[in-house]
Amino acid sequence: MRLSELVKVILKYNPKADVALIKKAYVLAEKAHKGQKRVGGEEYFSHPIEVAKILISLKADSASICAALLHDIVEDTEIKIEKVKQIFGDEIAGLVEGVTKIDKIHFGSREDYTHENLRKILLATAKDLRVMLIKLADRLHNIRTLKYLPVDKQKRIAKQTLEIYAPIAHKLGIWSVKGEFEDLSLRYLEPEIYRFLASKIDEKRDEREKHTAEIIKEIKKQLKSKNVKSKVSGRAKYFYSIYKKMKKKNVGFNEIYDLIAVRIITKTIPDCYTAIGLVHDMYKPIPHRFKDYISVPKSNGYQSLHTTVITEGGKILEFQIRTEKMHHMAEDGVAAHWRYQGTERDQLFDKKISWLKQMLEWRNLASTSSEFIETLKIDLFEDEMVVFTPKGDPITLPKDSTTVDFAYMVHTNIGNKCSKALINNKIVPLETKLESGDIIEIMINKNAKPSRQWLKFVKTNKARSKIKSVLGMTIEHEKKDDIELMPIDILKRIDVVGKKAPVKLSKCCSPKLLDPIVGFLTKDKKITIHKKDCPNIHTLDSKKEITVLWKDENRLPIIKLALTMVDKVGTLAKVLNLIAEYKLNLKNINTKPKKESVVTTLSVEVDSELKLKDVINEIKKMEEIIHVVKSK
Ligand code: MN
């Protein structure tokens with residue numbers, strides 16, 4: 001496609017496009033890339049044209065089209081960014097620079113990308129989301145032409161596309177690009193599976209297409225009779241989504257029935273509901289498959305009605321019903337804002353940008369790269385659910401989120417001050433997991449504050465980061481923090497009445513501290529401890545039953561720590577804070593000044609050896625501490 005044709009297409013959707021500027025970009029890029037070839041042998045300039053075309057298909061604005069045409073000139077030709085700035089201004093130069101920055105991120109020869117690179121990508125795009133759109137288009141054309149590269153490179157690029165770019169396209173709601181990313185990645189990563197799926201899908205294609213055509217005809221007729229103006233189409237689902245389903249459900253291809261999705265695009269929202277009523281009248285809906293994403297949009301803004309039905313012939317079909325506007329949003333995601341720019345304020349676009357900003361905020365709170373990558377992974381992939389505030393505002397949360405996650409999602413201060421939670425008007429413990437559709441009310445108390453315990457059950461990264469920042473914690477603490485007693489610590493607390501015999505905890509019910517317990521004598525004269533309600537004890541010989549008790553149940557062992565420290569103001573306070581942070585109970589403090597140092601003896605109640613070890617390690621790390629001695 002040459003310049004005049006490009007311009008024609010652009011003017012069709014954007015009569016106010018800056019044609020002169022686009023022409024200038026085209027001419028400059030063509031000249032700059034002259035003589036350069038792509039690996040496949042074609043003129044290099046064909047690449048920026050294709051990238052621009054992808055953006056044009058997303059109805060991009062003039063600046064993005066110019067930047068797409070120019071996106072490789074700073075990196076691959078003599079032209080400097082200053083010159084781009086001079087000719088095209090700051091906006092376009094900024095976009096070109098952003099894309100170049102992402103390109104400069106070297107993914108190395110290692111199979112996996114590094115966390116740092118991912119951070120850089122997000123940083124480079126946080127300022128202007130259009131940079132990411134251009135980058136996605138660039139990657140799309142590159143992966144479409146991947147066949148010219150050596151196999152190891154193909155695999156690396158495909159993996160990276162699947163792991164980074166497809167989730168980003170998903171999060172930005174650009175389904176068409178996401179689908180193509182996944183299918184093409186699958187083709188290079190799992191060529192055999194890809195070929196198998198392709199041939200399978202091809203096998204009954206004729207039959208399926210005929211069947212789909214009949215259904216579409218029938219639906220169109222019905223819709224027309226109800227005066228619903230609509231477009232109806234059927235399409236085969238993406239390979240990768242079929243593959244994922246096969247893997248998830250652990251089933252073969254022949255057990256995947258809904259290979260076809262039928263789409264009904266209407267003019268108005270009431271028409272969507274009329275249409276779904278019709279579909280449910282005509283075919284038998286499968287229970288629990290009806291989803292109303294129109295009244296409760298997905299977190300990336302996606303809106304549609306979904307349902308799966310069984311036809312008379314026993315075929316399973318998925319329906320997606322939405323308005324034209326929702327459809328454009330669904331296909332083009334954030335890019336759709338171009339289409340509606342000027343006509344109304346696009347809150348969706350703001351929402352999507354705020355996602356990227358949030359990601360970066362979490363990045364700052366998260367103290368290690370690996371946690372960051374976890375953040376990204378969880379927030380991109382986790383199954384979602386929708387719950388409601390008492391006023392009925394929908395809040396989207398990952399599956400298994402708790403009332404505390406909800407509180408933080410509503411507002412940081414509500415999270416920090418949350419003291420009680422009600423689910424559907426009933427008071428529940430804070431760690432209660434939410435179910436889709438629940439109505440949650442959070443009671444706050446100005447004296448309440450986050451507890452370390454919360455970290456054990458919160459699911460969202462937002463809650464986790466905020467709790468940690470209030471507690472002033474670092475990641476290392478949390479990882480080591482294990483207030484579960486080790487089996488060895490539990491065994492020490494068990495008193496076998498009137499007997500001396502080695503004890504061990506049964507694996508079937510793993511008793512915890514202070515559980516009601518009972519012992520059984522084994523063949524090798526050991527005593528196995530079971531919980532009193534362990535279902536297995538009925539199978540054991542009651543004559544071998546031994547009474548066991550918990551030793552001094554009201555008191556935990558007390559350990560003395562003698563710390564020799566530099567005589568400096570604030571040192572003791574630091575130590576005490578550390579002990580409080582680990583929730584160890586301090587029983588006694590005794591301080592003796594020496595010549596140049598101070599010896600402080602602390603008596604602490606210990607509920608976990610592991611925790612004690614961690615505290616001692618933390619204390620030893622302090623530069624004011626000279627040495628630490630532990631005694632009973
Ligand atoms: Mn490129």
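Quick note: residue numbers are just sequence positions, from 1. Quantities reported herein were computed from a predicted structural model and do not represent experimental measurements. As the structure lists them, so they are numbered: ligands from 1, and atoms in each ligand from 1.
The minimum distance between the Mn ion (ligand 1) and any N, O or S atom of Asp72 involves atom OD2. Looking only at its N/O/S atoms, His71 has NE2 as the one nearest to the Mn ion (ligand 1). Closest to the Mn ion (ligand 1) among the N, O or S atoms of Asp138 is OD1.
Taking 2.8 Å as the threshold, His141 does not count as a candidate ligand of the Mn ion (ligand 1), since none of its N, O or S atoms lies below it.
Aromatic ring orientation, Phe181 versus Tyr165: tilted (interplanar angle from 30° to 60°).
Annotation: ring-ring contact (aromatic ring centres under 6.0 Å, His included) contacts of Phe88 (sequence neighbours excluded): none. For the side-chain hydrogen bond (donor to acceptor under 3.5 Å, both in side chains) test, no residue two or more places apart in sequence or in another chain qualifies with Glu30.
Environment of NZ in Lys83: sparse, with no more than 12 heavy atoms of neighbouring residues, nucleotides or ligands closer than 6.0 Å.
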